[in-house]
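Convention: sequence-line order gives letters A, B, ...; per-chain numbering from 1.
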Amino acid sequence: MSHTKIKTIFIGTSDFGIPALRVLLKDKQFEIIAVITQPDKPTGRKQILTPPPIKAEAEKYQIPVFQPGRINNLKSQIANLKSQIIIIAAYAQIIPEEILNLPKYGCINIHGSLLPKYRGAACVQAAILNNDKQTGITIIKMDKGLDTGPILWQDKINIESGDTAGALYEKLSLLGAKILPVAIKKYIAGEIKPIPQNNAKASYVKRLKKQDGLIDWAKSAVEIERFIRAMAPWPSAYTITKNKKQKTKNSLMLKLLESEHEILQINKNKYKIGEIFLYNNKLAVQCGKDALIIKKLQLEGKKEMKSEDFIKGNNWIIGSILK
RNA sequence: CGCGGGGUAGAGCAGUUGGCAGCUCGCCAGGCCCAUAACCUGGAGGCCGUGGGUUCAAAUCCCACCCCCGCAA
């Protein structure tokens, strides 16, 4: 390992990359010469122009920040920086091949799944949805494909039974920060050789949309419980219910935030699929198989609340059918 | 000026042709019962988000502001 610092550019947008960025900033073997992130965007209810989390972090350390609308436009400047390596974590833009080839050691990506499984954006959610017992972080050397580059390092993490996508995302973010410097150093020292991914085992998960959170009550309670965790905190699992005041509104969106499945010994003909009923004073919904006990929910325009509290003022909902 | 919902008892909600502030749950006391988280009776608990205005009279109508939330991003 040389005594000079590794000149590094960090590219990322969401807070997923923040722990990794911090670790690199503290590590004396790295010198972050620039951070590239998405442009500030209007966000929140007032549409206030807000910088991406990574930018806010970089500015604390007076690191130069670039925010190109398209990273391709920044090609020459990246070349001028003469970085030896580029780290990418959740940037939300495709990096063109010409840029990938600029740094001596190439571009390194932190990905939140055990590649080649779950290439793409919704990798964390996919692991929960598919009932995986483990997921992890894969450090790859990027090539022109989407998350297809050869693997430098991989580390696993257990998925706990109550893990939401949000919780898992955070754990993975920390895991990524832990293994990233190790992987890079070993790679630069020539101690590890990138291993090509087995494309035959690859799967791809596309970015989620709000609409993907719609619950299908015909599925089993076990599946829906998992679905709710996978959609939390975003896009969040939701269902549609008729409003009590049907004259003014047709329907309301009901977000389900936390639940537990329970195998109920009830007559199959007692409740219809999607029907809401009380079970031990708790809110329950009949699913295709078994029933789901709802613990926490949120009505459109309201704060999230425990289902017991919700019932106190909304018992009209009992007996209605969710679709 | 991005669109929209909301602030009423500890919690969740009703209550707009202005007219004594209600419901469910919880809480307190008593009763019933072998017993109870069940049931009955009684009770406490409110600046109706804030400040103005209209009115004999405002939770309700008008104006301004604060706070919370959904969509969107």
Side-chain angles (χ1 to χ4, degrees), chain A residues 11-18 36-57 65 67-71 89-94 120-122 124-125 164-166 169 206-215 227-260 262 264-266 276-285 292-320 322-323:
Chain A
I11 302 182
T13 301
S14 78
D15 46 12
F16 185 75
I18 286 181
I36 299 171
T37 188
Q38 296 275 41
D40 293 3
K41 282 182 182 170
T43 186
R45 264 177 287 271
K46 299 289 181 188
Q47 296 298 100
I48 298 165
L49 212 55
T50 308
I54 286 285
K55 179 187 180 186
E57 188 66 19
V65 175
Q67 298 177 274
R70 302 197 128 296
I71 193 162
Y91 177 50
Q93 269 194 48
I94 306 288
V124 181
Q125 292 90 338
T164 60
Y169 181 89
K206 61 181 177 183
R207 182 176 302 279
L208 292 173
K209 295 172 187 163
K210 188 73 195 171
Q211 198 183 349
D212 293 325
L214 185 63
I215 294 170
F227 179 79
I228 290 172
R229 281 190 287 122
M231 294 301 124
W234 199 91
S236 82
Y238 68 94
T239 189
I240 302 294
T241 178
K242 283 182 184 170
N243 193 342
K244 185 168 67 165
K245 303 175 186 170
Q246 290 183 1
K247 292 164 191 169
T248 53
K249 278 191 173 182
N250 294 326
S251 61
L252 274 175
M253 194 181 72
L254 190 63
K255 282 187 179 180
L256 302 184
L257 303 170
E258 215 179 292
S259 67
E260 58 186 338
E262 184 146 332
L264 299 180
Q265 306 295 329
I266 49 178
I276 295 181
F277 59 97
L278 275 182
Y279 177 74
N280 285 348
N281 293 322
K282 290 176 184 169
L283 202 63
V285 185
L292 203 65
I293 313 267
I294 310 301
K295 294 165 81 176
K296 245 186 208 176
L297 52 77
Q298 183 171 27
L299 201 59
E300 213 172 339
K302 290 294 189 179
K303 285 186 186 180
E304 67 172 74
M305 64 184 88
K306 290 187 277 186
S307 65
E308 295 105 287
D309 291 338
F310 173 75
I311 298 168
K312 286 171 187 168
N314 295 286
N315 24 24
W316 53 269
I317 204 171
I318 292 160
S320 52
L322 302 171
K323 287 178 185 170

Between B/rG10 and B/rG43 - C1' atom distance, rounded Å: 16 Å
To the nearest angstrom, how far is A/Phe310 atom CZ from B/rG6 atom C1'? 15 Å
At under 4.0 Å, does any side-chain N or O of A/Lys210 touch on OP1 or OP2 of B/rC71? yes
Rounded to whole Å, please give me the gap between CD in A/Gln211 and C1' in B/rA72. 15 Å
Can you find a donor-acceptor N/O pair under 3.5 angstrom joining the side chain of A/Arg45 to the base of B/rG2? no
For atom NZ of A/Lys312 and atom C1' of B/rG22, their distance in whole Å: 17 Å
Quick check for you: to the nearest 0.5 Å, what is the distance between A/Ile11 atom CD1 and A/Gln93 atom CD? 9.0 Å
Just by modelled atom types, is the A/Met253 backbone N or O under 3.5 Å from a matching donor or acceptor in the A/Glu300 side chain? yes
Given the P atoms of B/rA59 and B/rU8, what is the spacing between them in whole Å? 15 Å
Is any side-chain N or O of A/Lys255 closer than 4.0 Å to OP1 or OP2 of B/rC71? yes
Just by modelled atom types, is the A/Lys41 backbone N or O under 3.5 Å from a matching donor or acceptor in the A/Thr43 side chain? no
Give the rounded distance in Å between these two atoms: NZ of A/Lys302 and C1' of B/rG6. 5 Å
How long is the line joining CD of A/Glu308 and P of B/rG10, in whole Å? 20 Å
Taking the nucleotide of RNA chain B with the closest heavy atom to each, which residue, A/Glu304 or A/Gly301, is nearer the 5' end? A/Gly301
Between B/rA9 and B/rG45, how far apart are the two C1' atoms, rounded to whole Å? 6 Å
State the pairing partner of B/rG51; accept Watson-Crick or G-U wobble contacts with both distances under 3.5 Å, and report none otherwise. B/rC63
Provide the distance between the two C1' atoms, one in B/rC25 and one in B/rC67, to the nearest whole Å. 26 Å
Which whole-number value in Å describes the distance from A/Met305 CE to B/rG12 C1'? 7 Å
Heavy-atom donor-acceptor pair, A/Thr164 side chain to A/Arg229 backbone, under 3.5 Å: no
For A/Gln298, which contact category applies under a 4.0 Å heavy-atom criterion: base, sugar-phosphate, or nothing? sugar-phosphate
What residues, two or more places apart in sequence or in another chain, satisfy side-chain hydrogen bond (donor to acceptor under 3.5 Å, both in side chains) together with A/Lys55? A/Asp40, A/Gln67
